[in-house]
Protein chains: 2
Amino acid sequence: MIDQTDFKILSLLCGNSRLQWREIGEQVHLTGQAVANRIRRMEELGIIEGYTLRLNERKLGKAMTAFVTVFMKTVDHPAFHQFITEKEAVVEANRISGEGCYLLKVTVSGQDELSLFLDEILKYGNYRVNLSIGKLK
Amino acid sequence: MIDQTDFKILSLLCGNSRLQWREIGEQVHLTGQAVANRIRRMEELGIIEGYTLRLNERKLGKAMTAFVTVFMKTVDHPAFHQFITEKEAVVEANRISGEGCYLLKVTVSGQDELSLFLDEILKYGNYRVNLSIGKLK
DNA sequence: ATGTTTACTTTCATGGCGAAAGGAAAATAA
DNA sequence: TTATTTTCCTTTCGCCATGAAAGTAAACAT
């Protein structure tokens, strides 16, 4: 299905998706065209879902990252899903097992914006917040 | 520093960083070259840190995502940092405030790999695991 | 009024990308 | 064993994207 060369190509593209096919080809000992064929195939298989940026959120004014565990009090999960989807500050959201119903990763400009966000969460349930003190990885 | 046009460009590139400068220009009413100039400037400012892929981890055999909160029992944090950095299964790691010391996002192929990983964590401290049941965002 | 700075548009050269053809090896079928 | 098909590479080609630079106009400073 997908071999070691494909994994190597993925690894290189994750590092820099604007690498030229020729440059990748040099690393995996193929021509650029052969690399292009493999990349297209992984796109078609859905392994590569898209191409995006790595942004420095801090330099965009999002100085604070918080992890918010939500304990739902309502059964209207679809409304919560919609709220989460529309909320730009929520960069990632997972439904989780164990303690809590959802885990949200939130980036905000400061305490004020976080506070406002948490107030909005109260409509759906209670929450626990952990602030990111630093990002290791 | 960075205006609404820049934010629009970032938004478009986050959606698809292989968009052509001309295509982005059409959206923000500039020529492709003007867009290219702005993108380069945001790279130089460090706002754009790089270009990468959106991968389907599930199709890469990483069928399970878990959030692991680590409660350190040792003060040798650097060793833990090193372990985390080298561990491919750890896709994201933050030092956190409140309950727990670190929050790790981990992708694994199944319970066995998760189990092994958690055994390794025990060298540094205790843990709490929440499995992702589904990803909203 | 003049000079400088900023940021755009236009122009140009290079080469990247996408598609297709050709070829070789491996796999499959007869 | 031979013939055919399939797979995946390399090579080729045409189009146009990218990077760089020149020209221009508006805003700003003196």
Side-chain angles (χ1 to χ4, degrees), chain A residues 1-63 88-89 91 107-110 113, chain B residues 1-63 88-89 91 107 109-110:
Chain A
M1 177 70 88
I2 166 174
D3 59 16
Q4 280 305 318
T5 301
D6 289 323
F7 277 114
K8 176 76 169 173
I9 290 170
L10 285 178
S11 174
L12 290 165
L13 283 174
C14 280
N16 176 8
S17 65
R18 289 197 75 212
L19 279 176
Q20 291 156 7
W21 303 160
R22 173 182 56 76
E23 290 173 300
I24 298 175
E26 285 166 8
Q27 300 271 350
V28 300
H29 311 299
L30 293 174
T31 61
Q33 243 356 82
V35 168
N37 291 341
R38 285 171 175 263
I39 290 170
R40 185 169 309 284
R41 196 171 70 96
M42 289 190 279
E43 286 171 351
E44 282 161 6
L45 288 170
I47 293 168
I48 294 177
E49 290 183 334
Y51 297 79
T52 189
L53 297 179
R54 270 193 305 282
L55 288 175
N56 185 313
E57 298 279 358
R58 185 173 291 273
K59 286 183 171 175
L60 282 172
K62 298 284 194 174
E88 269 197 27
V91 297
T107 62
V108 291
S109 55
E113 191 185 345
Chain B
M1 177 69 88
I2 168 175
D3 59 17
Q4 280 306 316
T5 302
D6 290 323
F7 277 115
K8 177 76 171 174
I9 292 170
L10 285 179
S11 174
L12 289 166
L13 283 174
C14 281
N16 177 7
S17 65
R18 288 197 76 214
L19 278 176
Q20 292 157 6
W21 303 158
R22 171 181 56 77
E23 290 173 298
I24 297 175
E26 285 164 7
Q27 299 271 350
V28 299
H29 310 300
L30 293 172
T31 60
Q33 245 353 82
V35 168
N37 290 343
R38 284 172 176 262
I39 291 170
R40 185 168 310 284
R41 195 171 70 97
M42 290 190 280
E43 288 172 349
E44 281 161 5
L45 289 170
I47 294 168
I48 296 177
E49 288 183 335
Y51 296 80
T52 190
L53 297 180
R54 270 193 308 282
L55 289 175
N56 185 313
E57 298 279 359
R58 185 174 291 273
K59 286 184 171 175
L60 282 172
K62 297 286 194 175
E88 267 196 29
V91 297
T107 63
S109 54

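Just so it is clear, the values below take in all heavy atoms, side chains as well, and ignore hydrogens, waters and symmetry mates. Below, chains carry the letters A, B, ... as their sequence lines are ordered, and counting in each starts from 1.
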- Message: Salt bridge check, A/Lys8 against A/Asp3: does any charged N sit closer than 4.0 Å to a carboxylate O?
- Response: no
B/Leu30 CG to D/dA26 C1', in whole Å, measures 15 Å
OP1, OP2 of C/dC17 versus side-chain N and O of A/Arg40: anything below 4.0 Å? no
Between CG of B/Leu19 and C1' of D/dA17 the distance, given in whole Å, is 13 Å
I'd like a table of atom pairs between the protein and nucleotides 11-16 of chain D - only N or O on both sides, under 3.5 Å - with the distance next to each one.
none

A/Met42 CE to D/dC8 P, in whole Å, measures 13 Å
Here the distance between atom C1' of C/dC8 and atom CD1 of B/Ile9, to the nearest Å, is 13 Å
Nearest heavy-atom approach of A/Leu12 to A/Leu19 is O-CD1, 3.8 Å
Open item on the list: Is there a side-chain contact between B/Tyr51 and B/Glu43 in this structure, where contact means two heavy atoms from C-beta onward sitting under 4.5 Å apart?
Closed with: yes
Evaluate the criterion side-chain contact (heavy atoms from CB on, under 4.5 Å) for residue pair A/Leu55 and B/Glu49; output intermediate values, then yes/no.
CA-CA 5 Å; A/Leu55 288 175; B/Glu49 288 183 335; over 6 Å; no
Between CZ of B/Arg41 and P of C/dC8 the distance, given in whole Å, is 9 Å
Rounded to whole Å, the CD-P distance (B/Glu26 to D/dA17) equals 10 Å
When rounded to whole Å, the CH2 to C1' distance for the pair A/Trp21 and C/dG15 reads 15 Å
Does any part of the side chain of A/Leu10, heavy atoms only, come nearer than 4.5 Å to the side chain of B/Leu53, both counted from C-beta? yes
Against the side chain of B/Asn37, the closest entry in C/dG18, C/dT9, D/dG19 is C/dT9
### Query
Would you call B/Arg22 and B/Glu26 a salt bridge, using N to O less than 4.0 angstrom?
yes
Here the distance between atom P of D/dC8 and atom CD of A/Glu44, to the nearest Å, is 13 Å
Ranking D/dT10, C/dT9, C/dC17 by distance to the side chain of B/Arg18, first place goes to C/dC17
**Message:** Does a side-chain N or O of A/Arg38 approach OP1 or OP2 of D/dC9 to a distance below 4.0 Å, or not?
**Reply:** yes
Would you sort out whether A/Arg38 and A/Leu30 count as a side-chain contact (heavy atoms from CB on, under 4.5 Å), showing the intermediate values?
-> CA-CA 11 Å; A/Arg38 285 171 175 263; A/Leu30 293 174; 3.6 Å; yes
